[in-house]
Amino acid sequence: MRACRGRFGIWRTAGLTAGAFVLLLTGLGCFGAKPKSHQLLNVSYDPTRELWKDVNLAFIPAYEKETGIRLSILQSHGASGSQARAVIDGLEADVATLSIWSDTNVIHKKGMMKAGWEDEFPNRSLPYTSTVVFVVRKGNPKGIKDWKDLLVGDVGIVTPNPKTSGNGKLSLLAAWGNVIASGGTEEDARKFVADLYHRVPVLDTGARGATSTFAQKGIGDVHIALESEAWLEVEESAGALEIVYPKQSILHEPHVAIVDAIVDVKGTRGHAKAYLSYLYTRSGQEIIAKHHFRPSDPEVLAAHAEHFPSMKMFTITDFADGWDSVQKKFFAEGGLFDQIYAEAQKKP
């Protein structure tokens, strides 16, 4: 019998019943059982490309040292909503690490993930969080400091399509939520968001496409972006871009999850569980902080406080009943975004 006493095995046993512990060890190759596959596919969203590359480089040799198994981990990235549909349509994701809860939960609704998937890992399966910020040209020539400044003068705005992109959804909801959190009405929020999209010349399908439009093509005066993407964009600009933190913004909660229907067929549940569990180790949390995602470990977050300015954050439950309600109200066919965008396109 294999010992299986390494960091991953011991860490993951906390809170498990004896039966669950045996199943976990079996999935890892203990008791002589061996998985059918040693390859994982991580289906994620645009801004996590660099994060997962470094996580994989650290996790694969550590896992091999612990278990004797050399994993191969493939990455797939794109607009979060499009990635969710790809999994439903047959992309064999062992794990889904998508941008927003509703994109992950739609996979559950198709019977591919078990009920209670959010509770599979610590902190509601949130090893990191993020928020929405602004990227501006060097010197901030338009003087953009907060949400209200986006609608001043001839400011041009870049943000991805909320029908396909998690970044796009969060950008719209951040703008909407800021109005509500500042004491405005829904009618005030609708007007603000309609005026905002009137200033958006192109809607890229995903976050990385919007980054290219703003940083490389030079379109727009401000890019509404996820914090991690904003930092990467600025770091690669050689001083041409800057980050602006608004007074308040939305809390971004990108859950991680195992796709049960896939791992049970491939026999990769143990690998997948160890992979996502690694994110909660000190090493995993440090990698997360390095890529400007806000780590869930308070000690790691505090150690990198200079990269994560304190700011007021609201959630969607501050102005809606939850993600299902938001999806139906804002992003369904003929919903608020479709109405607002159609109105914005009619303006001169």
Side-chain angles (χ1 to χ4, degrees), residues 45-47 78-89 98-107 109-110 132 134 147-148 150-151 155-182 184-214 219-220 222-226 229 249-250 252-254 314-348:
Y45 60 109
D46 263 343
S80 186
S82 300
Q83 291 289 82
R85 285 191 292 274
V87 173
I88 292 168
D89 290 341
L98 301 175
S99 181
I100 60 176
W101 181 89
S102 57
D103 287 337
T104 306
N105 199 54
V106 75
I107 301 172
K109 287 182 176 181
K110 293 295 183 179
V132 172
F134 308 145
W147 290 96
K148 60 182 176 58
L150 300 180
L151 304 188
V155 171
I157 300 169
V158 172
T159 185
N161 191 335
K163 297 295 286 279
T164 56
S165 166
N167 187 160
K169 285 183 172 68
L170 288 159
S171 295
L172 185 154
L173 295 172
W176 182 281
N178 173 69
V179 175
I180 302 300
S182 300
T185 65
E186 284 214 351
E187 187 56 38
D188 295 330
R190 181 184 178 118
K191 184 179 186 304
F192 183 89
V193 171
D195 289 346
L196 186 154
Y197 279 96
H198 181 57
R199 297 165 177 266
V200 178
V202 58
L203 286 173
D204 293 287
T205 58
R208 197 51 58 91
T211 295
S212 177
T213 292
F214 183 74
I219 295 173
V222 57
H223 176 201
I224 305 176
L226 293 176
E229 186 75 358
S249 192
I250 196 165
H252 176 209
E253 297 184 312
F314 49 83
T315 71
I316 60 164
T317 56
D318 290 320
F319 56 85
D321 292 333
W323 270 110
D324 285 338
S325 172
V326 163
Q327 186 66 29
K328 182 178 180 180
K329 178 176 180 177
F330 288 89
F331 307 119
E333 202 67 29
L336 266 174
F337 173 72
D338 285 346
Q339 298 168 28
I340 287 170
Y341 193 66
E343 293 168 9
Q345 297 308 296
K346 291 177 182 177
K347 291 184 179 180

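We're numbering straight along the sequence, starting at 1.
Under the 3.5 Å distance criterion, with hydrogens and angles disregarded, no donor-acceptor pair is assigned to the side chains of T317 and D321. T213 and H223 share no donor-acceptor pair across their side chains, judged by distance under 3.5 Å alone. Looking at S102 and N105, their side chains never bring a donor and an acceptor atom within 3.5 Å of each other.
Electrostatic pairing of D103 and R85 does not count as a salt bridge here, judged by no charged N lying under 4.0 Å from a carboxylate O. In summary, D324 and K109 engage in a salt bridge, as defined by a charged side-chain N under 4.0 Å from a carboxylate O. Ion pairing between E343 and K191 fails under the 4.0 Å rule for side-chain N and carboxylate O.
Shortest non-hydrogen contact noted between F214 and V222 is CE1-N, 3.4 Å. Across all non-hydrogen atoms, the minimal contact from A210 to D204 is CA-OD2, 3.3 Å. Nearest heavy-atom pair across L150 and R199 is O-CD, 3.5 Å. Across all non-hydrogen atoms, the minimal contact from H252 to L170 is CD2-CD1, 3.1 Å. Nearest heavy atom pair, residue G206 against residue P160, reads O-CB, 3.6 Å.
Among I180, N178, V179, the one residue that satisfies the side chain to side chain contact (heavy atoms under 4.5 Å, CB included) test with S182 is N178.
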Using ring-ring contact (aromatic ring centres under 6.0 Å, His included), reason through W176 and F192 one step at a time and then give a plain yes or no. CA-CA 7 Å; W176 182 281; F192 183 89; over 10 Å; no
With side-chain hydrogen bond (donor to acceptor under 3.5 Å, both in side chains) as the test, would you mind laying out the steps for D188 and T185 before giving the verdict? CA-CA 5 Å; D188 295 330; T185 65; 3.1 Å; yes
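With rounding to the nearest 0.5 angstrom, the OH atom of Y45 is 5.0 Å from the OG atom of S99. Taking OG from S171 and CG from N161, the interatomic distance works out to 11.0 Å, rounded to the nearest 0.5 Å. Summarising the geometry, atom NZ belonging to K169 is positioned 12.0 Å from atom CZ belonging to F330; distances are rounded to the nearest 0.5 Å.
Close placement of the W147 and F134 rings is indicated, their centers lying within 6.0 Å of each other.
Relative to the ring axis of F337, K163 does not place its NZ or CZ within 45° and under 6.0 Å from the centre.
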